[in-house]
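Computed from a prediction, not measured in an experiment: that's the story for all the values here. For ligands, and for the atoms within them, numbers begin at 1 and follow the listed sequence.
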Amino acid sequence: MKVIEQDQKAKIKLRINGQDYETEVEPRRLLVHVLRELGFTGVHVGCDTSHCGACTIIMDGKSVKSCTLLGVEADGAEILTIEGLAEGEKLHPIQEAFWEKHGLQCGYCTPGMIMQSYWLLKNNPNPTEEEIKEGISGNLCRCTGYQNIIDAIKLAAERMKGQ
Ligand code: FES
Ligand code: FES
């Protein structure tokens with residue numbers, strides 16, 4: 001077993017949005033900070049108790065709150081962040097739908113909200129309103145009152161059906 005002392009740094013490899021990264025981190029460093037330091041500053045921190053979901057990313061196919069994982073735990077993982085969703089200039093249908101339905105105001109929850117919506121629609125391409133509410137219940141927003149976010153996810157679901 002490999003032991004890393006608390007004052008040592010560990011080398012970790014991450015594949016983020018299709019590109020390989022290698023970095024050195026202290027064992028206690030949270031994944032959310034590692035990602036932000038690598039330049040993925042769309043990943044936000046909104047709390048220190050794992051409630052808000054502003055830090056949500058997709059890691060090895062699952063939506064996770066990156067503030068509640070250590071960087072070293074993510075060694076070897078495949079990660080998708082909001083920065084990896086658009087294809088060049090072309091927005092992902094969920095991004096487009098948030099724009100059209102006014103599903104954001106300050107935009108602070110939006111990257112996490114969109115990544116959670118992405119995971120939700122992957123697992124349930126045709127969700128009911130109740131399933132959408134449940135599906136984003138780990139993501140807090142203090143601006144929108146949620147309704148426009150729900151409408152955006154419905155619109156995205158419709159548009160993604162054909163794809
Ligand atoms: S920063 Fe709030 S849940 Fe991660
Ligand atoms: S848009 Fe401001 S917190 Fe959601």
Side-chain angles (χ1 to χ4, degrees), residues 10 12-17 21 23-86 91-124 127-160:
I12 61 167
K13 285 185 187 171
L14 301 170
R15 192 163 174 82
I16 309 168
N17 304 334
Y21 292 82
T23 184
E24 290 201 338
V25 294
E26 281 181 51
R28 64 181 177 158
R29 198 84 183 130
L30 296 174
L31 179 58
V32 66
H33 297 305
V34 176
L35 290 172
R36 289 180 53 82
E37 282 159 12
L38 286 171
F40 301 96
T41 52
V43 188
H44 292 160
V45 179
C47 73
D48 57 10
T49 48
S50 318
H51 277 83
C52 76
C55 61
T56 303
I57 56 163
I58 309 297
M59 182 168 127
D60 293 333
K62 293 198 181 94
S63 86
V64 300
K65 292 179 173 178
S66 60
C67 73
T68 195
L69 281 163
L70 298 169
V72 285
E73 287 179 285
D75 186 23
E78 182 127 7
I79 287 171
L80 182 67
T81 71
I82 188 71
E83 290 89 349
L85 222 49
L91 292 180
H92 186 280
I94 303 175
Q95 292 174 306
E96 227 167 52
F98 269 67
W99 171 256
E100 284 178 39
K101 291 289 179 183
H102 307 288
L104 65 143
Q105 289 177 36
C106 79
Y108 200 85
C109 73
T110 313
M113 196 65 88
I114 288 182
M115 297 319 288
Q116 181 62 19
S117 309
Y118 174 87
W119 179 85
L120 171 67
L121 293 179
K122 269 237 143 69
N123 287 282
N124 181 0
T128 63
E129 179 145 340
E130 275 318 300
E131 286 168 340
I132 293 176
K133 287 182 186 171
E134 173 71 26
I136 59 166
S137 60
N139 293 72
L140 303 183
C141 174
R142 71 178 188 186
C143 304
T144 63
Y146 300 100
Q147 192 55 52
N148 289 355
I149 292 177
I150 295 163
D151 293 347
I153 297 172
K154 278 189 201 159
L155 178 64
E158 264 167 48
R159 291 200 176 145
M160 287 164 72

Report the nearest protein non-hydrogen atom to atom 1 (S) of ligand 2: residue, atom name, distance rounded to 0.1 Å.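 Ranked first by proximity to atom 1 (S) of ligand 2 is Gln105 N, 3.2 Å.
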Check the orientation of His44 and Tyr108. Use parallel for under 30°, tilted for 30 to 60°, and perpendicular for over 60°.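 The rings of His44 and Tyr108 lie parallel, inter-plane angle below 30°.
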Could you grab the distance from atom CD1 of Ile79 to atom CE of Met115, nearest 0.5 Å is fine?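 One gets 10.5 Å once the value is rounded to the nearest 0.5 Å.
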Under 4.0 Å from any heavy atom of Cys52, which atoms of ligand 1 are there?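 This gives 1 (S), 2 (Fe), 3 (S) as the contact atoms.
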Which of the atoms of ligand 1 are close to Ser50, meaning less than 4.0 Å from one of its heavy atoms?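 Contacts of ligand 1 toward Ser50, numbered from 1: 3 (S).
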Please report the shortest heavy-atom distance between Pro111 and Gly107, naming the atom on each side.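 Nearest pair, atom of Pro111 first, then Gly107: CD-O, 3.3 Å.
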For Gly53, take its heavy atoms, then give the atoms of ligand 1 lying under 4.0 Å from any of them. 2 (Fe), 3 (S)
Give a yes or no on whether Arg142 atom CZ has more than 12 heavy-atom contacts from other residues, nucleotides or ligands under 6.0 Å away.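 No, CZ of Arg142 has 12 or fewer neighbouring heavy atoms, counting only those of other groups under 6.0 Å.
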May I ask you to check whether Asn17 and Glu83 show a side-chain donor-acceptor distance below 3.5 Å? no
Taking only heavy atoms of Gly46 into account, list the atoms of ligand 1 that are under 4.0 Å away from them.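 So the atoms of ligand 1 that pass are 1 (S).
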More than 12 heavy atoms from other groups under 6.0 Å of CD on Glu100: yes
Minimum heavy-atom distance Gln105-Thr144, with the two atoms named: NE2-CA, 3.6 Å
Decide, counting backbone as well as side-chain atoms, whether Cys67 has an N, O or S atom less than 2.8 Å from atom 4 (Fe) of ligand 1.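 Checking atom 4 (Fe) of ligand 1 against Cys67, an N, O or S atom does fall under 2.8 Å.
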How far is atom 3 (S) of ligand 2 from the closest protein heavy atom, and which atom is that? Arg142 N, 3.3 Å
Is there a donor-acceptor pair under 3.5 Å between the side chain of Glu78 and the backbone N or O of Gly61?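 No: the side chain of Glu78 does not pair with the backbone of Gly61.
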Cys109 SG and Cys141 SG subtending at atom 4 (Fe) of ligand 2 (10° steps):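 The angle at atom 4 (Fe) of ligand 2 comes to 100°, rounded to the nearest 10°.
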Check ligand 2 against Gly107 and write out every atom of the ligand that is under 4.0 Å from a heavy-atom position of the residue.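 Heavy-atom distances to Gly107 below 4.0 Å select 1 (S), 2 (Fe).
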Angle at atom 2 (Fe) of ligand 2 (to 10°), with one arm to SG of Cys143 and the other to SG of Cys106: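 The angle at atom 2 (Fe) of ligand 2 comes to 100°, rounded to the nearest 10°.
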Mind checking whether atom 4 (Fe) of ligand 1 has an N, O or S of Cys55 under 2.8 Å? yes
